[in-house]
Amino acid sequence: MSGTSQHSQLCSILLREAYGDLAEKVAMCLFRFGDLTFSQLASHSKLKQSKLQTVLKGLINFGLVQFEMGVDAKSGTQSNTPIYNLCKGRVLFLHRYIRGVPVFIRKFGTEGEIVLDTLMKCGHECASDIIFQATVRILKTESDQNVASVLEQIKGKLTELIQFGLIERAPSRQTETQEKLSDFSTPGKNYSLKGVDLPMMVQRISNDILTLEDAEDQAILWQVSRKRVTQLLRDEMFAEALTGRIDCHAGNLVRVLLQLMADTGPAMADASNILHKPFIQSAVKNSYSGSPLEAHLSEYLQILSQDSSSLVKNLGDASGGEYQITLKSAILELTWSALEKITQEQFGTKGARIFRVVRRHQFILVDDIQNHAMLPPKEAKQILYTLVGQNFVHFREMKLGTGSEAGKTSTSYYFFINLNQLVRMCLEKCYLAQFSASVRQNDIVSKYSHTIQKESRLTSLYVTLKDQGAPQEQLEDVLVASYQIKLCLT
């Protein structure tokens, strides 16, 4: 994981928005200086030890900071001094989770998203507290609902999320030394909601007691599975890409295939195990029975196996057909497509054409680029040198013997694309863009806070008038006023 200034700025603003200034200050000390002891961290952060202990406890609770016992430099034995380090990937997961909220709502409903959000804000929590806090959140906005039914609904959503794998067991102090941490990340393992007392929760909420104490299952903790969330968002990315390229049924087939890959082997492997067509037919029938996908499965499999995305590979006709998901190839093709799109937006269609020519030939001379791109020599060279200046294309000098006279050489310049370096550069631009968007959003919120509150009141007024059966003219006046405020914010 890179540690550039753009990456640092994005992590800083994500931590500040999620956990406050003190947490951001401590975490960024670990970001800049690497692994630190408690005394070193106190020296760099300029915080009192008591306050630093509180902040570290919170960051460790949310899984953003880890610690391990150091090693004595003289004796080489383990010392009693803990060394703290920041999990940079988990900081960026905060942004990834926000991008995944629409996916959670579409797949598990608003209640499922509230359960996940409640657990994200707690770090890890027992099932009783998760159900209780999520129910209180829902009743604050929908106070007319039956408390018992909401609690049952939230418990059902929590069970569904656990079975799906988005929520996993978190090791507690009692179990951490007895069981391996990997055991807690397996969907279905250590699954139990025993000790959840819904009648007691109904009584406390009815008495306006909005806190839960001494739950029977308080020793059994749960947390959001970062790995499973990342996998779900990856699957949705591929499904949406194939939906846009072909149609919605192709996207649904991709979802089925990726789920079969996860069920039959490692979900993050470069390629899946062999998937036989009858196995795929059974999965499609269970998920999309009666849809056009079930009727035309063979055609959709053929289309996906011939598609340039390289996601599905046809291995033969044995057992009715054998297919394999080649994730590594698909991600590579998706990366190239994104880079070509970035090149086109920045340098135009001719720049993208030259970029594709260089990519296709790997190492190519400037005269050959002009011929394959079908551009005038002067214009082709100008665009090519612009791409080189912006580090989208690189060149290598090669000296070759002429063969006519000994000792004489000719110099040729071969142009190529350094994929790893180009991806890192674009990634830094993404970090900077996300940081700039967050800064602009904060500026707008602080500058127009009064206007935003006024727009919110108008929205509430519209809902109230509509429920009371107000005349259409009055409703339209409220909508016009709300629309004018929104125009001021854009």
For [X] against [Y], the heavy-atom pair lying closest together:
X      : Y      : answer
Leu419 : Leu332 : CD2-CD1, 3.5 Å
Phe416 : Gln362 : CB-O, 3.0 Å
Ser225 : Gly165 : CB-O, 3.3 Å
Val91  : Leu14  : O-CD1, 3.7 Å
Leu15  : Ala27  : CD1-CB, 3.4 Å
Leu158 : Ala127 : CD2-CB, 3.9 Å

request  = Could you list the residues that satisfy side-chain contact (heavy atoms from CB on, under 4.5 Å) with Leu422, not counting sequence neighbours?
outcome  =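 In terms of side-chain contact (heavy atoms from CB on, under 4.5 Å), with neighbours along the sequence ignored, Leu422 is linked to Leu339, Phe355, Phe392, Ile417, Met425, Cys426.
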What's the separation between atom [atom1] in [X] and atom [atom2] in [Y], rounded to the nearest 0.5 Å?
X      : Y      : atom1 : atom2 : result
Leu41  : Lys46  : CG    : NZ    : 12.0 Å
Leu242 : Leu257 : CG    : CG    : 9.5 Å
Ile98  : Phe93  : CD1   : CZ    : 10.5 Å

request  = Inspect the contact between Lys429 and Glu345 and indicate whether a charged nitrogen and a carboxylate oxygen are less than 4.0 angstrom apart.
outcome  = no
request  = Using a strict 4.0 Å threshold on nitrogen-to-oxygen distance, state whether Glu168 and Lys227 make a salt bridge.
outcome  =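 Looking at Lys227 together with Glu168, the answer is no, because their closest N to O distance does not fall below 4.0 Å.
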Please check this pair: side chain of [X] against backbone of [Y], looking for a donor-acceptor N/O pair closer than 3.5 Å.
X      : Y      : value
Asn61  : Lys57  : no
His361 : Val357 : yes
Thr243 : Ala239 : yes
Arg353 : Ala373 : yes
Thr326 : Ser310 : yes

Listed by chain and number, what are the side chain to side chain donor-acceptor pair (under 3.5 Å) partners of [X], not counting sequence neighbours?
X      : result
Glu299 : none
Ser39  : Thr37
Asp117 : Lys121, Arg137
Ser289 : none

request  = Take Arg356 and Thr343 through the test side-chain hydrogen bond (donor to acceptor under 3.5 Å, both in side chains) and record every step on the way to the result.
outcome  = CA-CA 10 Å; Arg356 284 191 291 268; Thr343 306; over 6 Å; no
inquiry  = Between Glu333 and Ser309, do the side chains contain a donor N or O and an acceptor N or O under 3.5 Å apart?
reply    = no
request  = Please lay out, stage by stage, how Ile13 and Glu17 fare under the test side chain to side chain contact (heavy atoms under 4.5 Å, CB included).
outcome  = CA-CA 6 Å; Ile13 199 167; Glu17 290 178 351; 3.8 Å; yes
Going by heavy atoms in the side chains, are [X] and [Y] under 4.5 Å from each other?
X      : Y      : result
Leu327 : Arg234 : yes
Val55  : Lys25  : no
Trp222 : Arg169 : yes

query = Quick one: side-chain hydrogen bond (donor to acceptor under 3.5 Å, both in side chains) pairs with a partner in residues 266-282, sequence neighbours left out?
reply = Lys277-Ser298
request  = For the pair Tyr385 and Phe415, name the ring-plane relationship: parallel under 30°, tilted 30 to 60°, perpendicular over 60°.
outcome  =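 Rings of Tyr385 and Phe415: tilted, as their planes differ by 30° to 60°.
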task = Mind telling me whether Phe31 and His7 have parallel, tilted or perpendicular rings, with 30° and 60° as the class edges?
result =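 Ring orientation, 0 to 90° scale: perpendicular.
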ask   = Which pairs count as salt bridge (charged side-chain N to carboxylate O under 4.0 Å, His left out) when at least one residue sits in residues 249-269, sequence neighbours excluded?
value = Glu236-Arg255
Qualifying salt bridge (charged side-chain N to carboxylate O under 4.0 Å, His left out) pairs with a residue from residues 374-387, counting only residues at least two apart or across chains =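 Qualifying pairs: Lys350-Glu379.
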Qualifying residues under ring-ring contact (aromatic ring centres under 6.0 Å, His included), relative to [X], sequence neighbours excluded:
X      : answer
Phe435 : none
Tyr288 : none
Phe33  : His44
Phe38  : none

remark   = The single option from Met268, Met261, Arg226 that satisfies side chain to side chain contact (heavy atoms under 4.5 Å, CB included) with Gln231 is Met268
inquiry  = Which residue in the set Val229, Thr230, Asp235 passes side chain to side chain contact (heavy atoms under 4.5 Å, CB included) when paired with Leu233?
reply    = Val229
inquiry  = Heavy-atom count check: over 12 atoms from other residues, nucleotides or ligands less than 6.0 Å from Phe108 CZ?
reply    = yes
request  = Examine Arg396 relative to Phe363 and say whether NZ or CZ is less than 6.0 Å from the centre of the six-membered ring and inside a 45° cone about the ring axis.
outcome  = no
